[in-house]
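What follows is a set of notes on a single structure, which appears directly below.
Just so it is clear, the structure is predicted and the values come from calculations on it, not from any experiment.
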Amino acid sequence: AWGRGQVPSVLFIDQDFGLLRRPFWPQMSATLPEISTSRSQDAKSLKSKSTASSAKFQPTSQARFGYLGHLSIQNSQEDPAVQAEALRNVAALDGPAFLPNVMTLQRASTPWQYNTPPRMLEGSVSVEPNQPGEAEEKGNQNNGMSNSRSAKALSAQQPMPANYVRRIRRKAQKSRGEAPDYRQQIADLKMLADSASRSGSVYQALQAYHKMGVVYDNQGMYSEAIQKYKQFLALCVTSKNTQGEALAYNCLGIDCFKTGQHDEAIQYHNKHLELADSTGRLIAHTNLGIVFQAMGLSEHAAIHHQHAIEYANRMGAKDAQCFTVGNLGIASAAQGDLQTSRICLQYHLSAAQRQKQAAGEHKFNTLTFKDVSKNAYHRLGTVNATDGRFDEAADHFSKAMEVAQSKGDEKDEEVSKAMLGIARGLLNFDEHCAALVKGASEAPLVGADGDA
């Protein structure tokens with residue numbers, strides 16, 4: 001991005017991922033050359049529009065010199081056609097990535113130019129009816145802050161993103177010095193938002209409010225975050241920033257769910273669904289399914305999870321297919337459709353194992369996929385036990401116990417061990433009862449005087 005009167009430039013990346021700004025001369029095409037394929041349908045149209053540019057910059061040259069092209073969308077807010085083209089250019093390099101965890105609220109990707117603080121990972125949501133989710137605080141801020149500390153420890157172990165733009169962004173976030181206390185960060189951002197508002201820079205002001213919401217989210221202070229996201233939304237609507245508006249609806253929907261405001265969460269996710277692209281609609285349908293599942297409306301949840309699977313198939317996103325199919329398996333089990341649930345959970349487990357092999361050996365990946373495998377085995381055991389398949393249930397509970405033991409999770413190990421005992425007991429219960437009846441019928445009758 002550049003200001004008025006300044007010479008536009010492009011970014012080159014050296015061998016140490018340092019950012020070098022070079023003049024963007026008129027003879028060089030401003031169209032983004034094709035670097036990597038995107039899984040979204042919106043980004044596929046970029047191939048035909050970047051033929052002339054890619055002739056000058058072949059893929060080998062792009063990989064060698066790290067050419068990013070002109071990715072700014074700051075000066076294209078007023079022209080919808082220019083903004084749509086800029087968003088497609090960004091999507092070609094900045095494709096989405098998903099973790100395989102099921103029943104996890106999905107955050108919309110923050111635009112890379114926002115330079116927000118790193119967000120903590122979302123945990124799985126409890127889907128039992130009339131029970132608060134793991135992330136629902138209902139005003140208990142101390143519990144939220146303790147959960148945020150454990151999430152922060154897990155988030156710190158995340159590997160660098162495979163995506164080129166996100167990798168550079170993560171390095172910039174880590175190298176940026178921030179105040180260790182969140183209160184100081186909020187004070188700095190408030191001053192920045194006020195100064196930007198006075199100078200008429202709406203774009204900088206809305207970014208500051210979004211950053212404040214992320215800081216409050218990381219602390220588990222969801223009520224305060226909702227207020228900042230509402231201010232962020234108001235500025236996006238005023239400036240006709242559709243991308244920011246969709247992001248605001250996603251953030252508000254998730255935080256309203258965490259504070260127990262399910263009806264408001266559904267409204268915000270529906271508004272996100274109206275404005276989103278293919279990836280955003282996948283995220284919105286997934287979040288709507290989780291909200292309905294937490295409310296005990298399994299049929300509504302299953303419909304939204306099916307829509308999420310459709311968008312994952314259109315995008316060709318294997319990682320998204322993994323958790324969307326798993327979510328449908330959980331919703332189907334709640335409806336009593338055990339066969340569909342078993343098929344979906346088995347696909348989810350096998351897809352997660354393939355995703356682990358593709359991700360490589362890393363501490364974060366190992367912990368994540370162990371947790372996914374443990375939960376998948378336990379859910380498969382529960383579904384099979386409910387369906388009367390006690391031998392298969394015992395096998396799955398045994399595997400869940402082994403994974404929990406390797407992970408050092410004593411609580412889940414005890415739960416799986418107890419369920420394993422119940423499954424094995426029910427497996428031989430009919431034979432045991434038949435043996436007791438047979439033994440009682442063959443035993444001689446003893447009279448009151450002791451004679452047979």
Side-chain angles (χ1 to χ4, degrees), residues 98-104 121-128 131 133-134 154 286 289-290 293 298 301-302 305 309 318-429:
F98 301 97
L99 292 175
N101 307 73
V102 296
M103 301 312 297
T104 302
L121 293 176
E122 295 291 336
S124 298
V125 174
S126 175
V127 294
E128 296 181 6
Q131 293 292 333
E134 292 179 6
L154 181 61
T286 298
I290 292 175
Q293 186 71 30
S298 302
H305 290 318
I309 293 173
K318 298 296 183 182
D319 49 359
Q321 292 172 0
C322 177
F323 74 83
T324 53
V325 174
N327 289 338
L328 179 59
I330 296 174
S332 299
Q335 294 182 79
D337 189 355
L338 301 180
Q339 181 179 2
T340 301
S341 176
R342 181 167 53 253
I343 294 173
C344 290
L345 290 174
Q346 287 174 346
Y347 177 88
H348 162 67
L349 180 61
S350 60
Q353 292 173 348
R354 290 193 299 268
Q355 191 173 344
K356 177 180 181 298
Q357 295 175 357
E361 294 296 332
H362 189 278
K363 185 177 181 181
F364 174 82
N365 295 335
T366 302
L367 292 176
T368 298
F369 289 104
K370 279 186 177 181
D371 188 65
V372 170
S373 300
K374 176 194 65 179
N375 294 332
Y377 281 129
H378 191 86
R379 288 191 173 98
L380 277 170
T382 303
V383 169
N384 285 319
T386 306
D387 201 21
R389 300 168 176 258
F390 300 114
D391 51 346
E392 297 180 17
D395 182 58
H396 286 123
F397 284 131
S398 176
K399 292 180 179 178
M401 184 181 65
E402 293 175 0
V403 175
Q405 186 177 7
S406 65
K407 188 182 175 184
D409 192 340
E410 297 181 358
K411 181 179 178 180
D412 286 347
E413 181 184 356
E414 291 296 328
V415 172
S416 298
K417 185 182 296 184
M419 295 301 296
L420 174 61
I422 294 173
R424 286 179 175 174
L426 292 174
L427 178 62
N428 301 318
F429 184 71

Which of Glu414, Met419, His396, Lys417 passes side chain to side chain contact (heavy atoms under 4.5 Å, CB included) with Met401? It is Lys417
Would you name the heavy atoms of [X] and [Y] that are closest together and state the gap between them?
X	Y	answer
Lys399	Tyr377	CD-CE2, 3.5 Å
Asn101	Phe323	O-CB, 3.5 Å
Gly326	Leu345	O-CD2, 4.0 Å
Ser298	Ala334	OG-CB, 3.1 Å
Ala400	His378	CB-N, 3.9 Å
Gln293	Ile330	NE2-O, 4.3 Å

Rounded to the nearest 0.5 Å, how far does [atom2] of [Y] lie from [atom1] of [X]?
X	Y	atom1	atom2	result
Gln355	Ser350	CD	OG	11.5 Å
Gln335	Leu328	CD	CG	8.5 Å
Asp391	Arg424	CG	CZ	11.5 Å
Leu338	Ile343	CG	CD1	11.5 Å
Leu121	Leu99	CG	CG	6.5 Å
Lys356	Gln353	NZ	CD	9.0 Å

Ignoring hydrogens and angles, tell me if any N or O in the side chain of [X] forms a donor-acceptor pair with the backbone of [Y] under 3.5 Å.
X	Y	answer
Ser406	Val403	yes
Ser373	Phe369	yes
Thr104	Val102	yes
His348	Cys322	yes
Asn384	Leu380	yes
Asp409	Ala404	no

With a 4.5 Å cut-off on side-chain heavy atoms, are [Y] and [X] touching?
X	Y	answer
Thr382	Phe397	yes
Pro100	Asp319	no
Asp371	Lys374	yes

Arg354 vs Lys318, side chain to side chain contact (heavy atoms under 4.5 Å, CB included): CA-CA, chis, key distance, verdict:
CA-CA 10 Å; Arg354 290 193 299 268; Lys318 298 296 183 182; over 6 Å; no
